[in-house]
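Notes to accompany the following structure.
Here is the naming used below: chain letters follow the sequence lines, and residue numbers restart at 1 for every chain.
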Amino acid sequence: MAVAAIRVLVQQEDFKLDDLMARLREAKPQIGAIACFVGTVRDVNDGDSVSSMFLEHYPGMTEHSLELIAQQAVSRWKLEAVSIVHRVGLLRPLDQIVAVLTASAHRQDAFESCQFVMDFLKTEAPFWKKEQVAEQSRWVQARASDEEARKRWL
Amino acid sequence: MLLHMRYFASLRETLGMEAETIELPAHIEDLKELREFLAARGPVWADAFAADKALRAAINQELVKASAPLQDQAEVAFFPPVTGG
């Protein structure tokens with residue numbers, strides 16, 4: 001079996017899902033299913049109106065961590081390709097933050113692995129959000145529900 | 001032992017520092033002991049590294065357990081639980 005193609009991008013710029021999808025599928029007629037998750041900036045968090053947020057990360061470790069997560073997915077499901085794109089820097093409501101695409105011959109591997117990648121990204125990849133609420137900025141707190149979501153795969 | 005320290009997010013702000021190189025006393029060999037060493041630097045550090053504070057750590061850019069062993073010249077990072085995605 002061919003080795004699954006893993007692509008990881010950490011960038012300030014926005015991304016186009018069509019472009020990510022085209023690159024993922026390129027010259028891979030064995031793909032029959034692509035699952036795709038896109039996370040976007042909400043205008044409300046914990047009951048407060050959010051005007052913007054800043055995404056800090058740990059350059060080097062971030063890319064390494066996302067690659068490790070993708071590799072774990074590849075070793076667990078039958079996948080042809082995995083793409084992870086995560087933005088950093090200043091973001092506003094409606095902006096895209098993250099995209100995860102997983103491609104497989106059949107849908108179940110694609111669906112499950114896409115969730116797996118997001119659950120681990122949320123709890124292991126070194127990103128931190130600081131949101132602007134009215135005149136104040138505050139660090140977003142990690143949620144216990146994200147840790148629970150990760151544990152179901154262990 | 002010489003360590004290259006990195007601090008991120010709210011921890012970086014609290015400490016007013018994002019990176020430093022520190023020389024450790026010989027008896028400090030693991031991450032738990034390093035945390036206690038840092039907590040002894042003053043009130044701000046004591047609060048930031050208090051045992052009940054949820055902090056994560058990485059050695060040479062890989063997540064590690066709270067009691068992981070240290071190596072000379074390692075890059076050691078402390079940060080709050082992550083919130084990406």
Side-chain angles (χ1 to χ4, degrees), chain A residues 10 37-42 45-46 53-69 72 84-89 91 96-100 114-131 137-147 149-150, chain B residues 2-22 30-32 34-35 38-39 44-85:
Chain A
V10 178
F37 173 87
V38 176
T40 56
V41 182
R42 271 196 315 275
N45 193 29
D46 289 334
M53 67 164 61
F54 190 88
L55 256 148
E56 178 175 333
H57 77 122
Y58 185 170
M61 178 174 170
T62 313
E63 292 81 355
H64 179 61
S65 161
L66 295 175
E67 265 159 39
L68 271 179
I69 293 168
Q72 284 175 278
I84 306 175
V85 185
H86 204 297
R87 294 178 70 193
V88 292
L91 297 172
Q96 305 186 109
I97 307 175
V98 59
V100 172
C114 190
Q115 280 205 304
F116 170 92
V117 168
M118 270 313 297
D119 287 344
F120 275 74
L121 183 154
K122 283 286 228 183
T123 49
E124 293 194 350
F127 294 101
W128 302 274
K129 288 177 185 145
K130 191 176 195 183
E131 56 190 17
S137 58
R138 66 182 185 195
W139 291 98
V140 173
Q141 299 299 307
R143 294 176 199 274
S145 57
D146 287 332
E147 188 54 34
R150 186 185 75 95
Chain B
L2 210 64
L3 295 180
H4 304 288
M5 303 298 304
R6 307 282 302 270
Y7 310 109
F8 289 93
S10 56
L11 182 65
R12 170 178 53 75
E13 288 186 345
T14 303
L15 301 176
M17 187 189 292
E18 62 181 71
E20 63 174 331
T21 298
I22 54 175
D30 69 26
L31 208 59
K32 187 168 172 289
L34 171 63
R35 200 167 153 162
L38 293 171
V44 171
W45 293 76
D47 187 49
F49 287 95
D52 63 347
K53 276 273 157 65
L55 286 181
R56 302 285 182 266
I59 297 180
N60 294 330
Q61 307 195 350
E62 287 199 26
L63 276 182
V64 291
K65 290 188 177 144
S67 60
L70 300 168
Q71 311 102 41
D72 188 34
Q73 296 291 343
E75 178 174 304
V76 179
F78 282 106
F79 42 81
V82 301
T83 55

Q.
Tell me if a side-chain donor or acceptor on A:K122 pairs with a main-chain N or O of B:G84 at a distance below 3.5 Å.
A. yes
(Q) Quick check: closest heavy atoms across A:G60 and B:Q61, and the distance to 0.1 Å? (A) C-OE1, 3.2 Å
Q. Do A:K130 side-chain atoms and B:S10 backbone N/O form a donor-acceptor pair below 3.5 Å?
A. no
Q) Just wondering, more than 12 heavy atoms not from B:E13 lying within 6.0 Å of its CD? A) yes
(Q) Between A:H64, A:K129, A:R87, who has the most heavy-atom pairs with chain B when the cutoff is under 4.5 Å? (A) A:K129
Q | Neighbour count >12 (heavy atoms, 6.0 Å) for atom CD, B:E20 | A | yes
Q.
Please check if the number of heavy atoms outside B:K65 that lie under 6.0 Å from its NZ is greater than 12.
A. no
Q: Tell me, for B:R56 versus chain A, whether the close heavy atoms (under 4.5 Å) come from the side chain, the backbone, both or neither.
A: neither
Q. Does the side chain of B:T83 come within less than 4.5 Å of A:F127's, by heavy atoms?
A. no
Q.
Show the nearest heavy-atom pair for residues A:Y58 and B:A77, with the distance to one decimal.
A. CE1-CB, 3.4 Å
Q: Could you check if a side-chain atom of A:W128 sits within less than 4.5 angstrom of a side-chain atom of B:R12, using non-hydrogen atoms only?
A: no
(Q) Restricting to non-hydrogen atoms, name the atom on A:H57 and the atom on B:F8 that form the minimum distance, rounded to 0.1 Å. (A) O-CE2, 3.6 Å
Q: Answer with side chain, backbone, both or neither: which region of A:E124 has an atom nearer than 4.5 Å to a non-hydrogen atom of chain B?
A: both
Q. How many angstroms lie between CZ in B:F79 and CE in A:M61, if you round to the nearest 0.5 Å?
A. 4.0 Å
Q: Examine whether an atom of A:S65 lies under 4.5 Å from a heavy atom of chain B, and if so say whether it belongs to the side chain, the backbone or both; otherwise answer neither.
A: neither
